[in-house]
Amino acid sequence: MADATDQQPQTKSMDDIMSLCKRRGFIYQASEIYGGVNGFWDYGPLGAQLKKNLRDVWWQDIVMNPCQGKPGPKGEPISMVPVDTCIIQNPKVWEASGHVGGFNDPMVDCTESKKRYRADHLLCFPVIRDDETYDNATPIGYVASLSREQLLEQENKKVWKRIRKAFADSIGSNEHAGYSYGDERLYSELQPEERAAVLGPDASERGTLTEPRQFNLMFKTYLGATATEDDIAYLRPETAQGIFINFKNVVDTTRVSVPFGIAQTGKAFRNEVTPRNFTFRSREFEQMEIEFFCHPEEANDWYVFWRDWRMQWWQEIGLAGENLILREHDKDELAHYAKEGAGTSDIEYRFPFTAPGFGELEGIAHRSNYDLSAHQNHPESNTKLEYLDTTRGELAKNGQPKGERYLPDVIEPSAGLDRGVLAILCEAYTPDPERPSKVFMRFHPRVAPIKAAVFPLVNKDGMPEKAAELHQMLVKRFGHLGKIETDPKQSIGKRYARMDEAGCPFCFTIDGDTLTDGTVTVRDRDTAEQKRIPFDDVVEFVATGLGLG
RNA sequence: GCGGGUGUAGUUCAGUGGUAGAACGUCAGCCUUCCAAGCUGAAUGUCGUCGGUUCGACUCCGAUCACCCGCUCCA
């Protein structure tokens with residue numbers, strides 16, 4: 001932990017980073033002139049380009065040239081096709097996926113301790129007096145706990161005293177009066193009158209827990225202008241389902257065969273209970289998702305493949321170092337769809353606001369065939385989603401396999417685009433008291449919103465014209481990748497400083513010598529060092545710098 | 001949802017019961033041959049919002065919104 005890079009995030013101030021984001025036009029508060037709106041953020045000119053670049057780099061490395069040409073577990077090329085599906089789907093999609101039933105967790109508040117619990121996590125143990133017959137006893141109340149062990153196995157005097165005090169009116173304060181527990185029930189399953197007799201996990205008297213309240217995390221909307229209850233629809237809480245419900249379409253209309261992946265980027269919406277931490281937990285956010293379909297026997301290999309490659313990808317685009325970790329989920333934190341699979345991993349970044357902890361950037365989940373199965377079995381989908389794999393099965397007389405029908409397993413690498421941008425901003429933010437800007441943004445050239453800048457050293461003597469010429473050359477070659485900046489005004493130091501805060505990796509300066517010996521000055525953002533190269537080599541220099549050489 | 005904190009120019013912050021300032025940034029001009037240089041000048045805020053107290057509120061009170069921190073929660 002003594003390593004300098006290890007401690008860097010703790011020394012970076014989130015307030016300073018947010019201030020720079022505003023000041024330089026990366027991120028603004030949404031609806032700011034109306035006082036903002038909780039959980040929403042807008043991207044300014046530099047932020048929009050940065051976000052687009054990250055999305056484009058993902059698209060390039062996932063869809064256009066999957067895994068940068070790296071072969072799969074068996075040496076085969078990775079097969080990937082894109083889709084772009086709707087934010088609003090038939091509401092039955094979300095019934096089948098489990099979001100309508102499961103995406104809303106009933107919550108319980110304790111009016112005494114001010115704590116909040118999930119109603120289906122609260123185990124309620126009936127308290128039964130020893131002088132009652134166990135089998136047909138009426139419980140005198142319930143003791144709630146988040147875990148069986150906590151209450152039963154680690155019971156100590158403190159817990160015991162608390163319970164005895166809370167039930168003093170029923171079992172008496174006599175130390176020797178006994179009680180025992182019946183079989184536990186979930187708080188969510190208790191009747192209202194039973195709930196009034198529950199002793200909360202952190203309460204000292206009974207009946208301090210509220211009724212379970214629904215926290216529906218999906219945004220509701222209405223289809224059609226009449227807007228009745230029959231017209232309810234939802235803004236998608238994840239892009240994934242759009243892929244699953246198009247699985248058959250893609251198989252039927254595209255020359256893909258398992259194993260292959262379907263990729264998609266797009267907005268998703270969740271009514272987070274507590275939006276927090278700048279853009280980290282926004283209610284409107286963008287995902288970059290892959291659903292990779294494979295034979296169940298190969299799913300584990302693909303899970304490992306994608307987990308490791310996605311980690312490598314984030315490292316390659318600038319999140320190198322100790323701030324990025326790969327973390328395998330514990331069994332008890334697996335999502336409902338991953339229970340049957342091999343597991344889930346998170347790629348996590350140590351943000352200034354999570355340090356020394358980490359926040360999730362991307363989850364790689366083994367979803368087994370949960371989703372395809374759910375859609376196939378939904379009574380109203382009425383569609384067989386089994387895949388006919390003609391490379392498998394017994395051999396027929398002619399030597400050809402007879403084929404095997406199965407629901408493919410799915411490996412899902414699901415990344416948060418906005419979280420990626422935020423991590424890149426945090427990682428790039430580099431305080432440097434030695435330089436005029438006091439800080440610079442060390443973006444990887446592939447994602448940097450401004451790719452290069454061209455400056456005439458002074459605004460006269462033919463330098464502006466020469467700079468304009470070079471600027472045009474660079475725009476023509478690299479303008480599709482990001483902004484090429486040029487600016488003839490004010491001192492050169494001020495212009496360099498601006499580019500430092502914008503994270504522009506290369507600045508080229510035209511001076512008097514350019515006009516006589518045909519060389520320009522290159523200034524490197526990270527070292528602030530300068531060297532001269534021929535004017536005619538600048539395009540090639542930038543290409544190399546952007547990894548295109 | 002609870003507790004704590006904050007809210008004044010683009011940013012960082014002063015400020016006083018008598019309707020606002022600094023620094024930096026931004027812009028313009030001059031000047032400038034390599035790191036926010038120099039000189040001159042300019043723009044910018046309904047002091048988060050609404051309401052109350054007051055002759056008068058940026059200041060006091062209340063509500064509300066937003067952000068930050070700690071819980072809680074987070075497919």
Side-chain angles (χ1 to χ4, degrees), chain A residues 13-16 18-25 28-41 44 97-99 102-105 107-118 121 202 210 213 215 217-218 237-238 240-241 268 270-278 280-281 283 287 329 333-339 344 346 352-353 359-360 363 365 367 370-371 412 414 432 434-440 455-461 463 489-501 507-515 520-523 525 528-532:
Chain A
S13 150
M14 203 58 216
D15 286 344
D16 290 345
M18 289 171 67
S19 166
L20 179 137
C21 282
K22 173 74 187 293
R23 183 156 39 89
R24 286 295 157 191
Y28 310 128
Q29 191 177 9
S31 306
E32 188 179 286
I33 64 170
Y34 288 102
V37 51
N38 192 318
F40 296 86
W41 300 88
S97 69
H99 287 86
F103 208 62
N104 48 4
D105 300 319
M107 304 297 299
V108 176
D109 288 314
C110 177
T111 55
E112 180 188 333
S113 65
K114 306 300 183 192
K115 300 239 179 202
R116 171 179 288 173
Y117 317 93
R118 273 176 64 163
H121 281 185
D202 302 282
T210 63
R213 296 190 302 162
F215 281 73
L217 302 185
M218 276 201 294
E238 61 174 24
Q241 296 306 325
R270 291 180 194 168
N271 259 320
E272 298 289 354
V273 177
T274 312
R276 273 291 168 85
N277 292 328
F278 203 24
F280 184 78
R281 180 161 288 127
R283 287 174 160 159
Q287 295 183 297
H329 275 207
E333 59 177 321
L334 290 180
H336 66 91
Y337 55 73
K339 289 275 195 311
T344 298
D346 279 350
F353 50 79
E360 178 184 349
R367 290 180 83 123
Y370 179 92
D371 302 275
E412 177 194 76
S414 170
D432 181 0
E434 299 300 309
R435 61 176 77 198
S437 58
K438 304 289 187 256
V439 64
F440 65 106
F455 300 134
L457 184 58
V458 292
N459 196 12
K460 61 178 184 182
D461 299 338
M463 295 178 211
K489 301 203 168 183
Q490 301 188 332
S491 73
I492 191 68
K494 187 171 286 200
R495 285 175 280 168
Y496 285 156
R498 282 197 197 108
M499 288 303 104
D500 274 348
E501 280 201 328
C507 292
F508 301 95
T509 301
I510 309 292
D511 61 12
D513 292 345
T514 309
L515 306 171
V520 302
T521 302
V522 187
R523 175 193 183 266
R525 176 196 64 200
E529 283 172 1
Q530 301 185 6
K531 64 178 178 181
R532 297 197 73 89

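Letters go in sequence order (proteins before strands), and every chain restarts at 1. Treat the numbers as computed from the prediction; the structure is a model and nothing was measured.
- Counting any heavy atom pair closer than 4.0 Å across all strands shown, A/G39 reaches sugar-phosphate atoms only and no base atom.
- Checked against B/rC35, B/rA36, B/rC67, the side chain of A/N38 finds its nearest nucleotide in B/rC67.
- Residue A/A528 is classed as a base contact, given a heavy-atom separation below 4.0 Å to a base.
- Look at the P atom in both B/rC58 and B/rA9: the space between them is 15 Å, to the nearest Å.
- Comparing the same atom, C1', in B/rC67 and in B/rC60 gives a spacing of 24 Å after rounding to whole Å.
- Counting to the nearest Å, the C1' atom of B/rC65 and the CD atom of A/E32 are 13 Å from each other.
- Scanning both residues, A/R283 and A/N38, for their nearest heavy atoms gives NH1-O, 3.3 Å.
- Across all strands, A/F455 comes closer than 4.0 Å to no nucleic acid atom at all (heavy-atom distances).
- A/K460 comes within contact range of the sugar-phosphate backbone alone, with a heavy-atom separation under 4.0 Å but no base atom that close.
- The gap from the P atom of B/rG29 to that of B/rC68 amounts to 40 Å, rounded to the nearest Å.
- Among the nucleotides B/rU32, B/rA36, B/rC34, the one closest to any side-chain atom of A/L457 is B/rC34.
- With both ends at atom C1', the span from B/rU8 to B/rA22 equals 12 Å, rounded to whole Å.
- Within the structure, a side-chain polar atom (N or O) of A/N277 is placed less than 4.0 Å from OP1 or OP2 of B/rC69.
- Taking a pair as Watson-Crick or G-U with both hydrogen-bonding distances under 3.5 Å, the stems of three or more pairs touching RNA chain B are B:1-7 with B:65-71, B:10-13 with B:21-24, B:26-30 with B:38-42, B:48-52 with B:60-64.
- Mapped onto RNA chain B by nearest heavy atom, A/V37 and A/E272 fall at different nucleotides, with A/V37 at the one closer to the 5' end.
- At a threshold of 4.0 angstrom between heavy atoms, the contacts of A/R435 with the nucleic acid are absent.
- Atoms CD1 (A/I492) and C1' (B/rA37) sit 13 Å apart, rounded to a whole Å.
- When the side-chain nitrogen and oxygen atoms of A/K494 are compared with OP1 and OP2 of B/rC35, none of them lie within a distance under 4.0 Å.
- Residue contacts for A/Y34: at a heavy-atom cut-off of 4.0 Å it reaches no nucleic acid atom on any strand shown.
- Looking at heavy-atom distances under 4.0 Å, A/M14 makes no contact with the nucleic acid at all.
- In this structure, of B/rG3, B/rU11, B/rC73, it is B/rC73 that holds the atom nearest to the side chain of A/T274.
- Between the CG atom of A/L20 and the P atom of B/rU12 there is a distance of 11 Å, given to the nearest Å.
- Across the protein-nucleic acid pair, A/N459 atom CG and B/rU33 atom P stand 13 Å apart, rounded to whole Å.
- Rounded to whole Å, the separation between the C1' atoms of B/rG52 and B/rC2 comes to 28 Å.
- Here the two rings, on A/F280 and A/F353, have centers that are under 6.0 Å apart.
- Comparing atom distances between the A/W41 side chain and each of B/rC67, B/rU12, B/rA36 picks out B/rC67 as nearest.
- Here, B/rU32 and B/rA37 have their C1' atoms 9 Å apart, quoted to the whole Å.
- Look at CD on A/Q530: it is 15 Å from P on B/rU33, rounded to the nearest Å.
- Side-chain atoms of A/Y496 lie closest to B/rC35 of the nucleotides B/rC67, B/rA37, B/rC35.
- Nucleic acid contact class of A/R495 (heavy atoms, under 4.0 Å, all strands): none.
- Between A/K22 and B/rU11 there is a side-chain polar atom (N or O) within less than 4.0 angstrom of OP1 or OP2.
- Rounded to an integer number of Å, the gap from CD1 of A/I33 to P of B/rA9 is 15 Å.
- Closest to the side chain of A/R498, out of B/rA36, B/rC67, B/rA75, is B/rA36.
- When each of B/rC27, B/rU12, B/rU33 is scored by its nearest atom to the side-chain atoms of A/Q490, the top-ranked nucleotide is B/rC27.
- Under 4.0 angstrom from either OP1 or OP2 of B/rG29 there lies at least one side-chain N or O belonging to A/K489.
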